[in-house]
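Structure record follows, encoded as structure tokens.
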Amino acid sequence: MFIDRSLLEDYPFDGAFYKYGVDESLPLDQQEETEILVLETKCDIQESQKSEASGNITASFNVYFPFDKEKGVAVQRGMKFRGAIYGLEVNGTVIGVFPTQMGGCVCYISDKDV
């Protein structure tokens, strides 16, 4: 069996981390809660766990992405993530952020929209 490793990409998918907040630079009558984009990045998404209990289906995903070690990681626990892996949409909440010395980061995502 031969494996063509040239077909593998480091970060083959696109994803976005965002949070909800109010833009206080706007006039008071225009201030409302909106989605604030924190980071749009190339990433790799892998399902790590799934479960079903009492009709509730949940899944957990690991999202791997590069970051600039000089700037640090802007993603924090509690933020939201949106991405897709081969047409499967992944929407969830960040429950863990773990940067490495090599300039890569992994986020654990909990997706209850399965």
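Computation of the quantities below employed the complete heavy-atom set of this structure, encompassing side-chain atoms and omitting hydrogens, waters and symmetry-equivalent molecules.
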Side-chain donor-acceptor contacts of residues 60-71 below 3.5 Å, not counting sequence neighbours, with atom names and distances?
from  : atom 1 : to     : atom 2 : distance (Å)
Asp68 : OD1    : Glu70  : N      : 3.1
Lys69 : NZ     : Gln101 : O      : 2.8

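- With 3.5 Å as the limit, one finds no donor-acceptor pair spanning the side chains of Ser110 and Thr93.
- By the criterion of side-chain heavy atoms lying less than 4.5 angstrom apart, applied directly or through intervening Ile, Leu, Val, Met, Phe, Trp or Tyr residues, Ile85 is not grouped with Tyr108; the two fall into different hydrophobic clusters.
- Nearest heavy atom pair, residue Val94 against residue Ile109, reads CG2-CD1, 3.7 Å.
- Through side-chain heavy atoms spaced under 4.5 Å, either directly or across other Ile, Leu, Val, Met, Phe, Trp or Tyr residues, Tyr20 is tied to Tyr18.
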Q | Val75 and Cys107: CA distance, side-chain angles, deciding distance, side chain to side chain contact (heavy atoms under 4.5 Å, CB included) verdict | A | CA-CA 9 Å; Val75 178; Cys107 286; 3.9 Å; yes

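- By the rule that hydrophobic residues join a cluster once side-chain heavy atoms approach within less than 4.5 Å of another member, Phe81 and Val73 end up as members of one cluster.
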Tell me which donor-acceptor pairs under 3.5 Å the side chains of residues 38-45 have, and how far apart each pair is, sequence neighbours excluded?
from  : atom 1 : to    : atom 2 : distance (Å)
Lys42 : NZ     : Asp14 : OD1    : 3.3
Asp44 : OD2    : Gln46 : NE2    : 3.2

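- Atom-to-atom distance recorded for Met79:CE and Leu37:CG is 10.0 Å, nearest 0.5 angstrom.
- In the hydrophobic clustering of ILVMFWY residues, with side-chain heavy atoms under 4.5 Å counting as a link, Phe98 and Ile95 come out together.
- The list of salt bridge (Lys or Arg N to Asp or Glu O under 4.0 Å) pairs with a residue in residues 23-39, not counting sequence neighbours, reads Glu35-Arg82.
- The side-chain contact (heavy atoms from CB on, under 4.5 Å) search around Gln30 returns Leu26, Pro27, not counting sequence neighbours.
- Taking the side-chain contact (heavy atoms from CB on, under 4.5 Å) definition, one finds that Tyr86 meets it with Phe13, sequence neighbours left out.
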